[in-house]
Amino acid sequence: MSQFRSDEPPFEDDEAENEMDEDEEDVPLAMRKRKQEEPDQADGGMDDDDIPLLARKKIKKEYKEYKEKTKKKRVKEGADDEYDIIKPKKKKIKQESVIKIVTVSPIKRQKIKEEEEEVWRWWEEEKRADGVKWTTLEHKGPVFAPPYERVPRNVRFYYDGKPLELSEETEEAATFYAKMLNHDYCTKDCNFQEMFNFFQAESEKRKAASKEEKLVKKIENEALMKEYGFCMIDGHKEKIGNFRLEPPGLFRGRGEHPKMGMIKRRIQASDESMVPSPPSGSRWKEVRHDNTVTWLASWIENVQGQVKYIMLNPSSKLKGEKDHIKYETARRLDKVIDKIRATYRDEWKSKEMRDEDQADTVGCCSLRVEHVQLHKELNGKENVVVFDFPGKDSIRYYNEVEVEKRVFKNLELFMEHKKEGDDLFDRLNTQVFRTYNASKTLQSQLDLLTDPSATVPEKLLAYNRANRAVAILCNHQRSVPKGHEKSMENLKEKIKAKRDAIDDCEAEYHDFKKAAKRGSVKEKVNADKKGKQLERLKDQLKKLELQETDRDENKTIALGTSKLNYLDPRISVAWCKKHGVPIEKIFNKTQRTKFLWAVHMADENYRF
DNA sequence: AGATCTACTTAGGACACGTCTA
DNA sequence: TAGACGTGTCCTAAGTAGATCT
């Protein structure tokens with residue numbers, strides 16, 4: 001095996017601009033020369049590496065400080081717009097758009113087996129305990145973002161009302177904004193309207209393309225996927241998760257992010273290397289053989305200074321094995337959870353805890369003092385703790401929880417002598433608990449809600465309800481889908497129509513019945529038929545009504561996240577097998593490939 | 001002992017895509 | 001037969017854990 005990393009001379013922003021604008025040919029030339037002269041990059045290695053590193057550190061530090069500041073500020077002012085006050089400092093950051101590649105030169109190339117080839121049943125193999133992730137690995141490297149294509153000359157950019165010529169690079173940047181005109185970044189001075197219109201038109205064109213054109217695109221895409229979307233690992237073909245590099249564009253943080261709208265630069269390979277060959281004449285920043293990690297390539301993103309990776313698809317052994325281990329850990333927790341709970345309940349009264357609140361330490365549970373409110377009484381309940389805080393992705397968590405008096409008292413103690421911004425707890429780790437709670441809840445809810453004699457649709461509803469209980473527990477929210485209101489209306493109308501149909505049918509049915517009573521055989525048959533039709537209509541109505549509740553209950557709840565990340569798939573597999581529900585009804589194709597191990601491992605008797 | 005770094009999982013939104021319906 | 005609509009996939013930001021550095 002071999003790993004490599006391409007080494008790109010970092011350059012400053014404006015230098016880059018100049019080079020680009022003046023003479024693109026200089027770049028490859030310079031590289032070639034460089035390569036000849038310093039094949040082992042002994043020269044400016046220090047400079048090249050140190051400066052970007054410093055810059056990165058600075059970016060990160062700044063952001064962290066910023067976050068701290070704004071957190072505290074938010075508490076004080078409860079303001080929403082504090083981010084406007086602080087402008088990201090403009091500074092020259094050394095280009096770090098370099099790619100590291102982990103790969104391998106396998107001695108023997110495994111013959112690639114035919115598509116849809118045999119499943120690698122890694123779960124039937126021995127697990128390695130030494131942290132080595134693979135012995136051979138072979139891949140084609142990442143796919144770079146397509147080069148920028150200039151907009152037609154009649155599509156202009158206006159500054160202060162006047163059309164302005166833009167360099168290629170600037171124009172590209174302008175298009176980033178132009179594509180987001182409906183967001184409120186860019187209204188002052190700059191006029192992106194023409195560009196915006198152009199892209200709108202392009203998008204329309206794409207949508208209106210003929211079947212053939214679309215097909216051509218699809219085929220091209222598939223070819224690319226076939227070439228770059230897979231790797232060979234330990235002799236097995238595995239799907240890669242994200243084989244495309246992130247294209248340049250605007251950084252879009254979630255919530256009120258201070259770096260929102262900053263430009264994320266194009267990633268360069270620069271410098272040629274062999275195995276996965278980088279585009280144009282250049283080599284990778286580094287080529288590395290490291291079989292203790294799972295990534296295939298990495299680069300540094302310039303806005304936040306973070307390392308980004310190309311990794312495998314969830315269907316791969318590497319990911320699947322880890323997933324399996326996660327659920328096994330959660331199951332082990334199940335065996336000791338009662339003991340743990342008994343212990344901490346017991347320790348609620350421990351004096352030891354009481355002394356700790358003076359220490360202003362920070363643990364790994366990030367709940368801070370300002371995130372909870374204690375109410376001796378609230379809405380008729382006693383000892384209520386109100387949780388209210390922004391969670392991951394700035395999703396709000398709000399919950400009023402009635403707790404035992406002792407817990408309440410302890411919380412009071414924890415909050416004593418603390419100020420806003422201080423952590424409420426120290427040394428707390430909740431990770432395994434999340435997986436455990438989710439899976440445990442699914443199992444118990446399924447037990448509770450599944451009627452073995454019910455129909456498949458009814459069972460599915462039960463499953464969804466169980467899934468929903470978990471999603472609520474984990475606070476997996478989503479914004480109400482765009483057409484929700486309307487789609488509910490449509491559904492209601494359908495239901496109404498169905499009800500009318502039932503009324504009509506019922507009336508006819510009674511008429512036939514009456515007639516049948518008078519003895520006519522024909523009427524009897526008719527009555528029978530009507531009866532059956534009535535039954536069917538009622539069934540359909542029931543389904544629609546179920547769908548209505550299901551959809552409405554689900555409008556702000558995302559089921560996918562828990563299904564994909566927290567629910568032991570074997571619970572679902574076993575449930576399907578036990579109740580004769582086809583697995584396709586609950587796992588779509590992606591989910592089935594991710595959880596193939598579970599489909600094979602679990603029989604109907606599996607219990608979490 | 002805390003800060004930082006690396007590697008990896010978790011997360012919701014955008015958008016592409018396929019299907020259903022008028 | 002297009003357009004509406006719901007679902008699936010892609011994208012990449014935002015977390016955490018554990019190792020390593022200072």
Side-chain angles (χ1 to χ4, degrees), chain A residues 53 56-57 60-61 63-64 67 100 102 131 133 145 179-180 182-183 203 206-209 211 214-215 217-218 221 225 229 239-247 249-255 257 259-260 264 290 292-296 298-301 303-314 318-319 322-323 325-326 329 361-366 390-395 428-432 434-435 438 471 474-484 486-491 494 547 551 554 556-566 587-594:
Chain A
L53 194 69
R56 255 176 75 202
K57 276 187 184 164
K60 280 195 163 175
K61 205 174 143 212
Y63 180 57
K64 208 175 164 192
K67 237 183 161 176
K100 284 196 245 171
V102 174
K133 304 292 183 5
K179 284 174 186 168
M180 298 201 185
N182 10 24
H183 293 262
S203 151
R206 232 176 303 127
K207 275 183 207 151
K211 261 191 185 155
K214 280 184 178 167
L215 192 65
K217 245 195 180 164
K218 198 178 168 191
N221 235 326
M225 161 81 103
K239 200 171 177 190
I240 297 171
N242 53 330
F243 61 92
R244 283 170 217 272
L245 295 175
E246 294 173 14
L250 298 187
F251 177 84
R252 313 241 249 144
R254 301 188 191 130
H257 201 291
K259 299 207 171 186
M260 179 190 291
K264 198 164 70 170
D290 183 353
T292 66
V293 297
T294 67
W295 50 272
L296 309 184
S298 75
W299 73 94
I300 289 162
E301 173 261 14
V303 176
Q304 313 233 66
Q306 291 168 336
V307 184
K308 300 265 191 145
Y309 302 92
I310 301 280
M311 286 187 187
L312 293 182
N313 185 277
L318 249 28
K319 296 288 186 190
K322 204 88 188 291
D323 215 30
I325 291 168
K326 175 179 77 185
T329 310
T361 54
V362 175
C364 49
C365 182
S366 53
K392 185 177 173 183
D393 292 316
S394 298
I395 298 288
L428 212 57
N429 177 342
T430 53
Q431 186 60 49
V432 187
R434 200 164 168 78
T435 307
C474 296
N475 199 39
H476 291 143
Q477 296 188 43
R478 62 169 179 175
S479 47
V480 179
K482 260 183 192 159
H484 181 76
K486 205 171 162 228
S487 90
M488 284 306 282
E489 263 171 44
N490 290 347
L491 206 52
K494 264 192 195 168
Q547 204 182 342
R551 191 177 296 174
N554 228 23
T556 57
I557 299 166
L559 299 186
T561 305
S562 52
K563 213 186 224 179
L564 231 44
N565 299 305
Y566 295 116
F587 285 161
N588 66 31
K589 206 179 155 212
T590 314
Q591 290 158 348
R592 287 199 302 279
T593 51
K594 170 167 180 177

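The figures here come from the full heavy-atom set of this structure, side chains too, leaving out hydrogens, waters and symmetry mates. Numbers restart at 1 for each chain; the letters A, B, ... are given by sequence-line order, proteins then strands.
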Margin query: Quick check on DNA chain C: between A:Lys589 and A:Arg551, whose nearest nucleotide comes earlier from the 5' end?
Written below: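 Nearest-nucleotide comparison on DNA chain C picks A:Arg551.
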Check: Mapping A:Lys308 and A:Lys239 onto DNA chain C by nearest heavy atom, which one lands closer to the 5' end?
Finding: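 Looking at the nearest nucleotide for each, A:Lys239 comes out on the 5' side.
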Report yes if a side-chain nitrogen or oxygen of [X] is closer than 4.0 Å to either non-bridging phosphate oxygen (OP1 or OP2) of [N]; otherwise report no.
X	N	result
A:Lys326	B:dT9	no
A:Gln304	C:dA14	yes
A:Ser479	B:dG13	yes
A:Lys319	B:dC8	no
A:Tyr566	B:dA11	yes
A:His476	B:dT10	no
A:Thr294	B:dA7	no
A:Arg434	B:dA11	yes
A:Lys217	B:dA16	no
A:Arg252	B:dA14	no

Side chains of [X] and [Y]: does their closest heavy-atom pair fall under 4.5 Å?
X	Y	answer
A:Arg254	A:Met260	no
A:His484	A:Met488	yes
A:Ser298	A:Lys308	no
A:Thr329	A:Thr435	no

NA contact type, [X], heavy-atom cut-off 4.0 Å: base, sugar-phosphate, or nothing?
X	result
A:Pro247	sugar-phosphate
A:Arg478	sugar-phosphate
A:Lys133	sugar-phosphate

Sort me out a list of protein N/O and nucleotides 17-21 of chain B N/O pairs below 3.5 Å, or just none if empty.
unit_1: B:dG18; atom_1: OP1; unit_2: A:Lys218; atom_2: NZ; d: 3.4

Next item on the list: Can you label the angle between the A:Tyr566 ring and the A:His476 ring as parallel, tilted or perpendicular, going by 30° and 60°?
Entry: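 Geometry flag for A:His476 against A:Tyr566: parallel rings.
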Notebook entry, point to check: Is the side chain of A:Arg592 donor-acceptor paired with the backbone N or O of A:Phe587 at a distance under 3.5 Å, no angle test?
Noted result: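 It does hold such a pair.
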Any idea which of [options] is nearest the [X] side chain?
X	options	value
A:Asn565	B:dT10, B:dG12, B:dA7	B:dT10
A:Val307	B:dG12, C:dC10, B:dT6	B:dT6
A:Lys486	B:dA7, C:dT12, C:dC5	C:dC5
A:Arg206	B:dA16, C:dA13, C:dC11	B:dA16

In whole Å, I'd like the distance from the [atom1] atom of [X] to the [atom2] atom of [N].
X	N	atom1	atom2	result
A:Trp295	B:dC8	CH2	C1'	12 Å
A:Met260	B:dG13	CE	C1'	13 Å
A:Ile300	B:dA7	CD1	P	11 Å
A:Glu489	C:dC5	CD	P	10 Å
A:Ile325	C:dA17	CD1	P	17 Å
A:Arg244	C:dC11	CZ	P	6 Å
A:Glu246	B:dA14	CD	C1'	15 Å
A:Asp323	B:dT10	CG	C1'	11 Å

Taking every non-hydrogen atom, the tightest pair across [X] and [Y]:
X	Y	value
A:Pro314	A:Lys594	CB-CD, 3.6 Å
A:Ile240	A:Met311	CG2-O, 3.2 Å
A:Ile310	A:Arg244	CD1-O, 4.2 Å

Next item on the list: For A:Met311 and for A:Ile395, find the nucleotide of DNA chain B with the closest heavy atom, then tell me which residue's nucleotide is more 5'.
Entry: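 The answer here is A:Met311.
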